[in-house]
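Reminder, nothing fancy here: chain letters follow the sequence lines and each chain counts from 1.
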Amino acid sequence: MIDAAEILSDLTEPQRQAATHTDGPLLIVAGAGSGKTRVITRRVAYLVSLGIPPSSVCAITFTNKAAGEMKERVGKIMGRPVRDFGRLDQAWPMVCTFHSLCLRVLRHYAPMIGLPSNFSIFDSSDQSKLVKEATKILELSSTNFPAGKVHHTISGQKNQLITAAAYAQSVGDFYQRNVARIYIKYDELLKQNNALDFDDLLLKCVLAFRSHPPMLAELQERFQYLLIDEYQDTNHAQYILAHALAQKHRNICVVGDPDQSIYAWRGADIRNILHFEQDYPDAKVVKLEQNYRSTKTILAVASKLIASNKQRREKSLWTENEQGEKVKVILCQDEHDEAATVARMMKELHDQQNIGWNGMAVFYRINALSRVMEDALRRAGMPYVMARGVEFYNRKEIKDVLSYLRVIANPADEVSLDRIANMPTRGISDGSIKSLQGFGVSNGVGLWESFTRADQVPGMTTRAQGSVLKFVGLIESFRAKAQAGDVRALMEDVIRRSGYEEYLRKIGGDELEELANVNELISSAAEYDSEHPEGSLEDYLAGVSLMSDTDHLKDNGGAITMMTLHAAKGLEFPVVAMIGLEEGCLPHSRARESESEMEEERRLCFVGITRAEQRLIMTKALYRTIRGLRERTVTSPFLTELPADDVEVFDRTKLGGLDRGASSGYGSDDDIDDALPNKSQFKRGQLVRHPQFGIGKIAEISEVGSHTRAVIEFKNAGRKTLILQYARLEAVG
DNA sequence: GTCTTGGATATTTTT
DNA sequence: TATCCAAGAC
């Protein structure tokens, strides 16, 4: 039995309140660095210590990584590992992602809701392929309807729980009407492939809740205690899902920080957390405001910045940590100067302050900024790692092998079938595939059945038909083998007998990196087999489809970490440098036109700042070369929002070429203000020029909070609403 | 089946 | 400017 007192022994009072509130809705507003993970893990353990059956506790996270960490920590506190068989019916607390939960539900209730349980899950590249196919079938131009954009729209609709039919009814203009047609076609194709996309997992689950009340009732009974992490990043579908599950017992605990919501662009709705108390008027609210991570100075800088946001709830972070050094704001000459300066400062900290390389990080808004920084570090001989997802599961060889398995498990999966039919080459040409597809269409059968009847398909040589039938025999023998449920054995057999291994050896040269990756996949399958004695190929595939591998990027082995601000969320480093604090970069140029986007950019900046424990460096380059064009930049408004007392500005742009060691040019805030456009020159009727939209006339101008917003009629680009401080407007005449 | 070339395109990224 | 992708050449 776990001892409740021990679980709670090292929690502060607010943390304790959050961990021990058992019944009724609970909102934990967890400020940056306030010990959030500690609180949630203790809470789960505490619930179990009260005698609540572990299986009735469900903690939902956003990433596999977060789920994995939480599982481990909960297991540690409970004194036994949290086992996870990837199924709905298990005796441990369920700690998983939204998608994983939905997948378990859909598979568990598949017979009830009329879903074949061997469905494939399509990842984003499969999804794009289907969107392209749908666009083509409808004879729409792929230029006017680019797959990426269309898919983003469809995904957005699904996350809003808007089905294809509903979307088709609601939309008006030409573009949307056609996207709606593509959406409908795309869904048909998914169905044909017996596949769901990521968004479907959520959508179908909610739809099943609505159409099958007994199923929902069962789940509500099962999950008496719900906990949702990173609640500020939930989208509408997730919101509905969570509340549907919580409706009966109302023991829903949500944890998050509105100030760290940075995923609106993929559907996150910050209002979910801001309005929690309207959803549950009897909710208990616990604010975790003590920060254990950063110095007083860093915290002050972060707080002052985020205070400019309106879409937030008041929260005041405080810390008992030391005051710390002032935040260094460095105005650099250009990106090379910037990179060299950051490198030099980090080297100094390493050599003189004895700070390890892995205690330092460089953050940037867009990946494009990493290049020059990387060069500078390499030239200085400093170790670094780039934390962009290595994307193990997106690698060609991994996808190829998994495609074999998917075809074996799900004969309807034509996207995978098409991928592997001639991989490695076995005499099944594109032409043959076309003939097979044609046969399928005219006989009303799927592609797989066409394959099995290749000898009846016109337009193919006997030889090609033979190749196809041989392939069919191969897959069928794999299917027979799959029955045994030994995934590793099957996978090895597939790689060997399909000729894929030989193919990799042939193309691999000396490195054989691809083969090594495939071997890693085999080991992971072996692991799956041993952990899931009752497992099946279908279960394995279901689990693996939701994997990505940001988790692979830990253990940087003593190197400076470079990453985007988005990737930095949840991490912490003694020393942080944020580069590119310029208008158009942070805030990003695409976010200039609405207040809410600006606020998200500000939150992004806030997230970056609050990653720093001891020292923070923020840089800006006066000139930056973007896409080959060297342009003078404008200082980020965020820099001007920082409290002057807590920052030290070093202006390197006035050093006149002598730069070595000259980190003394102590500038004032004027330097920053000088760089901002003077807004008073703009009034109604004024003619202006915009770098993108050209010439226009200000039709309306208004103060919105701290910003001046102008509605401008552009000659060529039409009517736009711009925020003066951020739009690089030039007065004309 | 692989190499070449032209054209478009250029945030952030998990599941 | 650089990179990615699709379509065409060998």
Side-chain angles (χ1 to χ4, degrees), chain A residues 60-67 96-103 121-129 132 136 141-144 146-149 151-152 155 158-159 196-203 205 230 233-235 237-238 261-268 335 363-372 387-391 393-394 422-431 503 506-507 542-551 553 563-570 580 584-592 597 600-601 603-605 607-608 624-631 692:
Chain A
I60 307 176
T61 62
F62 268 80
T63 63
N64 292 312
K65 187 183 168 199
C96 62
T97 64
F98 269 108
H99 288 84
S100 164
L101 175 65
C102 291
L103 175 61
I121 296 167
F122 277 7
D123 68 13
S124 28
S125 70
D126 300 325
Q127 291 167 35
S128 278
K129 242 178 243 170
K132 272 179 207 152
K136 200 163 167 192
S141 123
S142 58
T143 330
N144 293 337
K149 196 174 160 200
H151 179 240
H152 181 83
S155 172
K158 287 190 175 183
N159 286 153
L196 301 185
D197 66 19
F198 285 134
D199 308 313
D200 278 339
L201 294 174
L202 305 177
L203 174 63
C205 211
E230 303 282 14
D233 285 332
T234 46
N235 64 33
Q238 290 159 340
S261 162
I262 54 174
Y263 284 111
W265 52 276
R266 64 180 193 215
E335 70 269 29
F363 301 155
Y364 33 82
R365 172 69 233 264
I366 52 174
N367 285 119
L369 292 200
S370 67
R371 250 284 176 49
V372 178
R388 63 167 110 75
V390 194
E391 301 190 356
Y393 289 94
N394 270 336
N422 204 32
M423 174 55 66
T425 49
R426 51 170 72 85
I428 304 175
S429 67
D430 286 356
Y503 161 80
K506 213 168 77 194
I507 61 154
V544 98
S545 314
L546 295 184
M547 292 291 189
S548 79
D549 45 13
T550 354
D551 359 358
L553 60 80
M563 64 176 104
T564 62
L565 284 165
H566 282 91
K569 189 161 136 191
C585 189
L586 179 64
H588 192 270
S589 51
R590 296 228 182 157
R592 262 198 299 238
E597 282 174 308
E600 178 144 320
E601 296 290 310
R603 290 192 292 266
L604 206 42
C605 190
V607 165
R624 190 178 292 280
T625 306
I626 300 167
R627 282 184 242 158
L629 282 177
R630 183 179 164 91
E631 278 192 353
Q692 271 171 296

If you measure from the P atom in dC4(C) to the same atom in dT13(B), how many Å do you get, rounded? 16 Å

For nucleotides 1-10 of chain C, just jot down a letter per nucleotide in 5' to 3' order: B, S or -, based on protein non-hydrogen atoms under 4.0 Å. B-S--S----

At their closest point, which heavy atom of A67(A) faces which heavy atom of C96(A), and how far apart are they? CB-CA, 4.1 Å

Please state how far atom CZ in F62(A) lies from atom P in dT12(B), giving the value in whole angstrom units. 20 Å

Separation of atom NE2 in H99(A) from atom C1' in dT13(B), rounded to whole Å: 12 Å

Contact between Q238(A) and L202(A) at the side-chain level, heavy atoms closer than 4.5 Å - yes or no? yes

Whole Å only: how far is the NZ atom of K569(A) from the P atom of dT11(B)? 21 Å

Whole-Å distance, N367(A) CG to dT13(B) C1', equals 10 Å

dT14(B), OP1 or OP2 - any side-chain N/O from N64(A) closer than 4.0 Å? no

Within the structure, does a side-chain N or O atom of S100(A) lie under 4.0 Å from either OP1 or OP2 of dT15(B)? no

Please give me the minimum heavy-atom distance between A66(A) and T61(A), naming the atom from each residue. CB-CB, 4.0 Å

Checking R627(A) now: which residues fulfil salt bridge (charged side-chain N to carboxylate O under 4.0 Å, His left out) with it, not counting sequence neighbours? none

Round to the nearest Å and state the distance from E230(A) atom CD to dT15(B) atom P. 12 Å

Using a 4.0 Å cut-off on protein heavy atoms (strictly under), produce a 5'-to-3' string for nucleotides 1-8 of chain B with B for base contact, S for backbone-only sugar-phosphate contact, and - for none. S-------

Are H588(A) and W265(A) an aromatic pair by the rule of ring centers under 6.0 Å? no

Check the surroundings of atom NE2 in H152(A): do more than 12 heavy atoms from other residues, nucleotides or ligands lie under 6.0 Å from it? no

How far, in whole Å, is dC5(C) from dT12(B) if one measures between their P atoms? 14 Å

In whole Å, I'd like the distance from the OH atom of Y263(A) to the C1' atom of dT15(B). 12 Å

Under the side-chain contact (heavy atoms from CB on, under 4.5 Å) rule, what do F62(A) and T97(A) come out as? Steps first, then yes or no, please. CA-CA 5 Å; F62(A) 268 80; T97(A) 64; over 6 Å; no

H566(A) stacking on dT12(B): centroids under 5.5 Å, ring planes under 30°? no

Separation between CG of L196(A) and CD of Q127(A), rounded to the nearest 0.5 Å: 10.5 Å

H152(A) atom NE2 is separated from dT12(B) atom C1', nearest whole Å, by 11 Å

What I want to check is whether an N or O donor and acceptor connect the side chain of R590(A) with the base of dT11(B) at under 3.5 Å. no

Check the pair E601(A), R365(A) against salt bridge (Lys or Arg N to Asp or Glu O under 4.0 Å), reporting the backbone distance first and the verdict last. CA-CA 9 Å; E601(A) 296 290 310; R365(A) 172 69 233 264; 2.6 Å; yes

Taking only the side-chain nitrogens and oxygens of N159(A), find out if one of them lies under 4.0 Å from OP1 or OP2 of dT15(B). no

Choosing from dT14(B), dT11(B), dT15(B), which nucleotide comes nearest the side chain of F198(A)? dT15(B)

5'-most contact on DNA chain B: I262(A) or F98(A), nearest heavy atom basis? I262(A)

5'-most by nearest nucleotide on DNA chain B - L546(A) or I366(A): I366(A)

Nearest-Å distance, CG (L604(A)) to P (dT12(B))? 11 Å

Passes side-chain contact (heavy atoms from CB on, under 4.5 Å), F363(A) versus V607(A)? Steps please. CA-CA 10 Å; F363(A) 301 155; V607(A) 165; over 6 Å; no

